[in-house]
Amino acid sequence: MRVLSTNAWPRSGLGRILLTTLVVVLFMVVSRHYLPSVHDSAEQVVSKYAPELHIERPRPSKVPFEEVLHDAPEKHIPTHSPSAPSPIPTSSSKLSLRGCPVIPNSDDYLISMKTGATELFAKLPEQLLTSLRCVPNYMIFSDIEQEMGDYHIYSSLEDVSDKYKYSHRDFDFYRRLLDLAAKGQDLSLMKITKQAAGSAWDLDKWKFLPITHKVFVEQPNVKWYIFLEADSYMAWTNVLELLSLYDPDEPWYLGATHFFGDVAFAHGGMGYFISNRAMRDLHRIYDGKHINEWEKRISEGCCGDVELAAILSEAGVNITGVPGLYGESITWFEWDEGRWCEPALSWHHMGSHDVEALWQFESKHLTQEVSHYVYKDLFHKLVEPHLAQTREDWDNMSRDRIMTGPSGLHPDEGRRYRLKTSIGDMDDEGRRDALRDLSDEDKELAISEGFYMKEMRWGELSESEQEDAWIDLSDVEKEAHTSLRACKAACEDWGECIQFFYMTDRCHLHRSVRLGHYMQASSGVEDDEDKEPVRMTSGWMMDRVRDLKDRVGTCKSVPEWMKEYAKNELRKHDD
């Protein structure tokens with residue numbers, strides 16, 4: 001191969017200038033017409049240079065989706081909802097070209113993610129690097145409008161009336177944020193000031209209604225609106241499988257049902273789902289008169305998710321409970337028989353490490369052949385490898401029974417103490433309240449004898465009653481707090497116990513599996529190097545863990561499980 005001689009380059013100044021100019025022009029033409037611009041989005045690059053490349057992987061050919069719903073009543077569980085114009089992704093939306101699980105028909109859904117300005121850079125980057133890579137249509141909301149790299153962050157409070165934003169005490173924090181932002185300061189510094197204590201929570205309740213209305217106005221034609229927070233994680237393939245069983249042209253408001261007084265609401269941190277029809281029903285009454293009433297109620301209320309549920313109810317939309325939405329992280333989650341075969345939908349109070357762990361699990365577990373998973377799958381991959389007979393410097397969150405000796409706290413969450421309680425000294429209202437929940441036999445005894453056997457927790461007992469209850473404990477229970485060996489023996493003695501936790505003069509027992517977390521040994525006194533550090537040890541009854549897995553057996557497929565669940569809920573909904 002001949003090497004171009006340096007003699008081939010023009011020697012004269014004019015010749016060199018002409019040849020250099022020609023090379024630059026050729027490079028500009030080639031890069032303009034054949035190479036994607038660094039400013040092009042992923043969508044533009046794919047559309048322009050690889051039109052046949054699909055970002056969504058096809059559903060597994062092994063089990064066609066239509067077969068899953070073959071037996072479903074057409075009226076309630078449509079295999080296809082009426083067509084609507086495809087939504088245009090907002091400026092927040094980006095797509096990843098690789099590493100995503102199967103997400104069918106993802107353009108039918110709009111994801112709304114809510115966070116706070118002080119924690120935006122702490123929580124959002126991990127979401128953008130993982131789960132949000134695989135959904136093409138989402139909007140991110142914070143306290144104020146911001147930009148984060150290429151991502152636009154919408155203000156969740158923009159549409160709140162000025163009379164509240166600029167005068168109500170709940171917005172003191174918001175006004176300080178605006179001031180710092182105008183001065184170009186780091187908003188995360190507000191999180192660590194005494195001034196910020198409690199303020200972010202007061203402000204959060206105002207975000208739910210404006211966000212709900214904003215996403216509908218921006219994109220009124222998507223079938224489902226999915227709401228979650230930046231410290232939550234959703235299993236998208238499972239979530240969309242569940243939503244496919246509900247008709248978006250019916251007024252659905254789906255979530256984990258909680259109660260505040262008489263109001264049934266979907267817990268905001270666990271995520272919830274609102275259908276297009278429900279959004280339209282809400283939009284119909286979203287006028288000045290109603291907004292004035294709603295904002296007054298929010299200003300006096302406790303929680304935004306509670307007020308949103310009450311407002312939706314005014315529009316004729318009431319909550320329907322769905323499974324798989326939990327308020328714990330992997331650390332706190334209770335792995336028991338009831339949840340073993342349940343499809344995982346969402347997690348809450350997730351740190352970046354937890355989000356990354358779930359993302360890595362999904363990236364490896366979900367394939368063309370496996371597009372869903374249940375809690376059992378997560379247990380095998382993320383929890384079981386870390387369980388052991390004993391593990392030092394570890395708190396496995398055992399909390400069902402706590403043994404601390406006769407002079408200390410000795411609660412037992414699963415135990416009730418029946419104590420003779422007189423009704424003679426009660427007023428009429430107190431007597432009615434006392435008798436209301438009694439069995440017929442106990443009620444008859446109370447009326448005839450003037451007393452009944454009241455069931456009480458350890459914390460409700462008087463000091464003398466606690467002393468009597470201590471005497472009634474077994475020898476094994478009384479000794480449990482004295483050593484690690486005695487604590488383990490107490491767990492073995494209690495047939496329901498599956499794990500234990502021990503530190504000096506303290507033994508905790510638990511009836512379900514929790515993973516827990518690392519806990520550094522500490523003297524309990526700052527800068528006291530002479531004091532012996534307190535060590536915490538956790539342990540699991542590995543034979544009982546194996547028994548738990550054996551008892552559950554084989555789980556149904558996720559589509560089959562969800563189809564059966566949805567049919568039952570729809571039947572109750574009709575009744």
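Numbers here are sequence positions counted from 1.
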Can you check whether [X] reaches [Y] side chain to side chain, under 4.5 Å on heavy atoms?
X: E328; Y: H349; answer: no
X: W236; Y: I111; answer: yes
X: L325; Y: S346; answer: yes
X: K381; Y: D377; answer: no
X: L128; Y: Y151; answer: yes
X: I144; Y: L157; answer: no
X: L515; Y: I330; answer: yes
X: Y154; Y: S142; answer: no

Do [X] and [Y] have side-chain N/O donor and acceptor atoms under 3.5 Å apart?
X: E145; Y: H152; answer: yes
X: E356; Y: Y233; answer: no
X: W347; Y: D354; answer: no
X: S131; Y: Q127; answer: yes

Enumerate the residue pairs fulfilling disulfide (SG to SG under 2.5 Å) with a member in [range], sequence neighbours excluded, ordered by first and then second residue.
range: residues 249-299; answer: none
range: residues 325-361; answer: C341-C555
range: residues 222-296; answer: none

Donor-acceptor pair, [X] side chain versus [Y] backbone, under 3.5 Å?
X: S161; Y: Y164; answer: no
X: S232; Y: H348; answer: no
X: N238; Y: L345; answer: no
X: T115; Y: A230; answer: no
X: K165; Y: E158; answer: yes
X: H372; Y: V558; answer: no
X: N396; Y: G516; answer: no
X: S512; Y: W335; answer: no

Can you list, pair by pair, the side-chain donor-acceptor contacts under 3.5 Å of residues 312-323, counting residues two or more places apart and other chains?
from, atom 1, to, atom 2, distance (Å)
S313, OG, N318, OD1, 3.1
E314, OE1, W294, NE1, 3.3
E314, OE2, W294, NE1, 3.4
E314, OE2, R297, NH1, 2.8
E314, OE2, R297, NH2, 3.0

Partner set under salt bridge (charged side-chain N to carboxylate O under 4.0 Å, His left out) for K556, not counting sequence neighbours: E564
Under the salt bridge (charged side-chain N to carboxylate O under 4.0 Å, His left out) test, residues paired with E295 that sit two or more places apart: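 Checked E295 against salt bridge (charged side-chain N to carboxylate O under 4.0 Å, His left out); zero matches.
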NE2/H213: more than 12 non-hydrogen atoms of other groups inside 6.0 Å: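 Yes, enclosed.
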Over 12 foreign heavy atoms within 6.0 Å of NE2, H353: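 12 or below, so no.
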Is the gap between the ring centers of [X] and [Y] under 6.0 Å?
X: Y174; Y: W206; result: no
X: Y375; Y: F333; result: yes
X: F260; Y: H258; result: no

I'd like to know if [X] and [Y] make a salt bridge, using a cut-off of under 4.0 Å between side-chain N and carboxylate O.
X: R391; Y: D395; result: no
X: R551; Y: E337; result: yes
X: D143; Y: K207; result: yes
X: E342; Y: K376; result: no

Results of side chain to side chain donor-acceptor pair (under 3.5 Å) for D543 - residues two or more places apart only: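 Not a single residue meets the side chain to side chain donor-acceptor pair (under 3.5 Å) criterion with D543.
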Of all pairs that satisfy salt bridge (charged side-chain N to carboxylate O under 4.0 Å, His left out), the ones with a partner from residues 224-237, not counting sequence neighbours: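 Residue pairs passing salt bridge (charged side-chain N to carboxylate O under 4.0 Å, His left out), neighbours aside: K114-E229, K123-D231.
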R514 and E334: CA distance, side-chain angles, deciding distance, salt bridge (Lys or Arg N to Asp or Glu O under 4.0 Å) verdict: CA-CA 5 Å; R514 275 179 171 167; E334 308 241 17; 2.9 Å; yes
Residue list, ring pair (Phe, Tyr, Trp, His ring centres under 6.0 Å) with F361, at least two apart or on another chain: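 Counting only residues at least two positions away or on another chain, F361 forms a ring pair (Phe, Tyr, Trp, His ring centres under 6.0 Å) with H365, Y373.
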Sequence-distant partners of H510, ring pair (Phe, Tyr, Trp, His ring centres under 6.0 Å), two or more places apart: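 In terms of ring pair (Phe, Tyr, Trp, His ring centres under 6.0 Å), with neighbours along the sequence ignored, H510 is linked to no residue.
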Results of disulfide bond (SG atoms under 2.5 Å apart) for C497 - residues two or more places apart only: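 C497 satisfies disulfide bond (SG atoms under 2.5 Å apart) with C491 once adjacent residues are dropped.
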Side chain to side chain donor-acceptor pair (under 3.5 Å) pairs, two or more places apart, involving residues 259-279: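 Sorted pair list: N276-R280, R277-D281.
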